[in-house]
Amino acid sequence: MLKLPSAKYAPFVPVNLPDRRWPGRVITAPPIWMSTDLRDGNQALFEPMNADRKMRMFRTLCDIGFKEIEVAFPSASQTDFDFVRMLIEGNHIPPDVTVEVLSQAREHLIRRTMESLRGARRAIVHVYNATSRPFREIVFGMSRSEVVEMAVSAVRLIGELADAQPETEWVLEFSPETFSATELDFALEICDAVTAEWGAGPGNKVILNLPSTVECATPNVYADQIEWMHRHLARRDSVILSLHPHNDRGTAVAAAELGLMAGADRIEGCLFGNGERTGNVDIVTLALNLYTQGIAPGLDFSDINAVARTAEHCTRLPIHPRHPYVGDLVFTAFSGSHQDAIKKGFAVQRPDAPWNVPYLPIDPADVGRSYDSVIRVNSQSGKGGVAYLLEAEYGVVLPRRLQIEFSAEVKRHTDTHGGEMSAAEIWTLFSRTYLSGEGAMRYVDYQLYEHGGAQGIRLTVERNSIRHLLTGTGNGPIDAAVEALCSLGIALQVRSFEERSMGSSAEGGNADACAFINVATPGMPNECYGVGIDANIVTASIKALVSGVNRLGADAWIEQGRQAAN
């Protein structure tokens with residue numbers, strides 16, 4: 001077995017914060033959301049979005065409710081520059097939405113960036129430079145003071161160019177790139193220098209974005225870093241503390257949630273976690289996580305399927321079928337035990353009560369998903385899933401013991417044929433098993449009459465293509481029909497009887513009643529159900545009785561018929 005050389009990696013040094021406060025806090029309000037789908041997300045695509053796809057994504061983000069959208073890296077390409085101009089010149093930016101653009105802390109890139117924003121009502125200029133030791137020493141070959149000067153000079157230039165465009169309301173955002181791998185004292189030094197240079201105040205706040213550019217530690221360490229900065233920043237009342245978590249360790253959502261507990265005000269991320277390497281934090285998951293805790297996230301995902309299809313079209317990336325809240329299978333249960341619990345949860349869930357359905361952390365209807373796909377049947381499924389689909393799609397509410405009996409039929413089918421069974425396929429199997437009249441005996445008709453204070457019946461059945469007129473009496477139609485059938489030499493006993501109304505017709509006519517009869521042969525261990533559906537409950541009951549006779553002894557009746565024919 002190949003062993004990984006673990007000794008080549010040094011553990012991350014934790015933050016010395018013995019009085020950390022974030023573990024005892026809870027999130028009570030949503031953050032300021034900033035979508036970077038059109039910038040960070042776009043630059044991570046095999047095929048970056050063209051203008052049409054970028055515009056469709058921009059409009060979708062506005063419809064969802066984002067008020068801050070990073071739309072481009074205008075100094076990186078003519079396509080990005082032109083898109084910013086298209087938004088501004090075409091008046092495509094809603095009055096309550098602020099566009100954001102990104103630039104490295106380099107003079108010619110900043111000038112190009114500011115040029116792209118000419119005429120904007122309000123704009124966030126997001127400037128960044130890396131701050132961690134490997135970048136200072138390997139990439140830049142600069143001292144700490146030189147890296148600080150790089151950031152301060154960039155902010156000074158942005159201020160001068162902003163003054164030359166007074167028609168625009170300017171907001172500064174600064175990111176110490178690779179913050180999570182930067183010494184905290186140096187991250188604090190450079191951030192304080194930036195806010196001082198900009199002249200930050202309560203009415204002129206600076207966005208300080210502290211990214212986990214590459215996740216390099218557990219989420220609690222990131223939370224410690226954020227709380228340390230939150231508690232030590234100069235001019236904290238003049239700062240919007242922002243997070244930009246990446247997902248290299250697969251914990252971006254957790255890091256973002258803990259970072260909000262630690263004092264952050266704002267989150268940058270992408271729909272469905274798109275972004276460089278393993279992606280940015282997934283804003284959909286993060287927002288709906290808040291929603292499941294009773295916090296209105298301020299973003300509208302009530303039609304999550306429409307958002308998902310737009311994202312897939314614009315990014316050319318598929319959404320995983322098990323993606324939280326969104327994937328095609330995320331509300332789907334194949335497991336029998338899961339299906340049984342979900343079915344029972346639906347049965348007792350009241351519209352005015354808090355959501356409390358097992359295995360479903362959110363009501364699928366809240367994100368525009370129907371219940372059709374919640375329970376689906378394959379070889380792993382049990383009685384609960386089968387019963388749910390028959391009830392939901394065809395109005396047939398099976399008795400519990402019949403659920404067990406029919407689920408065995410479904411199991412045999414899926415084991416033989418493999419794959420998944422749709423509700424229609426389950427109904428076909430149910431009809432063939434209980435309703436179609438296949439077997440040695442077929443119901444034809446009946447007439448009831450009074451017989452000395454008892455119920456009499458004339459029952460016509462067809463057996464091996466020969467019609468038989470049977471008579472019987474009893475204390476009711478079913479008892480009389482049992483006596484009539486026994487006149488054929490059939491040993492028959494009714495163990496239980498249930499009748500239920502149906503929500504809709506299952507046979508295409510006016511059927512609205514369903515009868516279930518559990519029958520047995522006296523002295524024999526085997527028993528089974530018969531089912532009958534008809535507009536008349538008595539007719540449905542007699543059909544169920546004939547169904548049970550065929551299921552109880554179909555093979556025997558067929559063999560007897562063959563012997564008689566010979």
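Just the heavy atoms: all of them, side chains too, but no hydrogens, waters or symmetry mates, feed the values below.
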Closer than 3.5 angstrom, by distance alone: can the side chain of Asp40 be matched with the main-chain N or O of Gly275 as a donor-acceptor pair? no
What I want to find out is whether Arg85 reaches Glu115 closely enough, with some N-O distance under 4.0 Å, to be called a salt bridge. no
Are any side-chain N or O atoms of Thr285 and backbone N or O atoms of Asp282, one a donor and one an acceptor, separated by less than 3.5 Å? no
Electrostatic pair Glu215:Arg249 at N-O distance under 4.0 angstrom: no
Polar side chain donor-acceptor pair, Tyr325 to Asn289, under 3.5 angstrom: yes
Under 3.5 Å, is there a donor-acceptor pair between the side chain of Glu425 and the main chain of Ser422? yes
Could you check Thr36, Thr213, Asn280 and say which one makes a side-chain hydrogen bond (donor to acceptor under 3.5 Å, both in side chains) with His244? Asn280
Under 3.5 Å, side chain of His320 to main-chain N/O of Arg322, donor-acceptor pair present? yes
Between Met55 and Phe83, is there a side-chain heavy-atom distance shorter than 4.5 Å? yes
Who pairs with Tyr359 by ring pair (Phe, Tyr, Trp, His ring centres under 6.0 Å), at least two apart in sequence or on another chain? His338
Heavy atoms, side chains only, cut-off 4.5 Å: are Ile64 and Leu271 in contact? yes
Output all residues satisfying ring pair (Phe, Tyr, Trp, His ring centres under 6.0 Å) with His126, sequence neighbours left out; order by chain, then residue number. none
List the steps and the verdict of side-chain hydrogen bond (donor to acceptor under 3.5 Å, both in side chains) for Ser77 and Thr79. CA-CA 5 Å; Ser77 72; Thr79 300; 4.6 Å; no
What residues form a ring pair (Phe, Tyr, Trp, His ring centres under 6.0 Å) with Trp228, not counting sequence neighbours? His232
Gap separating the CZ atom of Phe58 from the CE atom of Met86, nearest 0.5 angstrom: 11.5 Å
Determine whether the aromatic ring centres of Tyr394 and Trp427 lie less than 6.0 Å apart. yes
Keeping to residues at least two apart or across chains, list the salt bridge (charged side-chain N to carboxylate O under 4.0 Å, His left out) pairs with something in residues 18-37. Asp19-Arg231, Arg20-Asp224
Using 4.0 Å as the upper bound for N to carboxylate O, is an ion pair formed by Arg39 and Asp80? no
Going from CG on Leu233 to CG on Leu241, what distance comes out if it is rounded to the nearest 0.5 angstrom? 6.5 Å
When you measure from the side chain of Trp355 to the backbone of Leu360, do you find a donor-acceptor pair of N or O atoms at a distance under 3.5 Å? yes
Pro30 and Ala296 have their tightest heavy-atom pair at CG-O, 3.4 Å
Where at least one partner belongs to residues 264-301, residue pairs that pass ring pair (Phe, Tyr, Trp, His ring centres under 6.0 Å), sequence neighbours excluded: Phe272-His323
Should Leu38 and Glu70 count as side-chain neighbours, where that means a heavy-atom distance under 4.5 Å? no
Using modelled atom types and a 3.5 Å cut-off, is there a donor and acceptor pairing between side-chain atoms of Glu177 and backbone atoms of Tyr128? no
N/O donor-acceptor pair under 3.5 Å between Arg136 side chain and Thr131 backbone: yes
So, is the end of the Arg112 side chain (NZ or CZ) under 6.0 Å from the ring centre of Phe81 and within 45° of the ring's axis? yes
Residue pairs meeting salt bridge (charged side-chain N to carboxylate O under 4.0 Å, His left out), one or both in residues 253-268, sequence neighbours left out, come to Glu68-Arg266, Glu100-Arg266, Glu173-Arg266, Arg236-Asp265, Arg266-Glu268
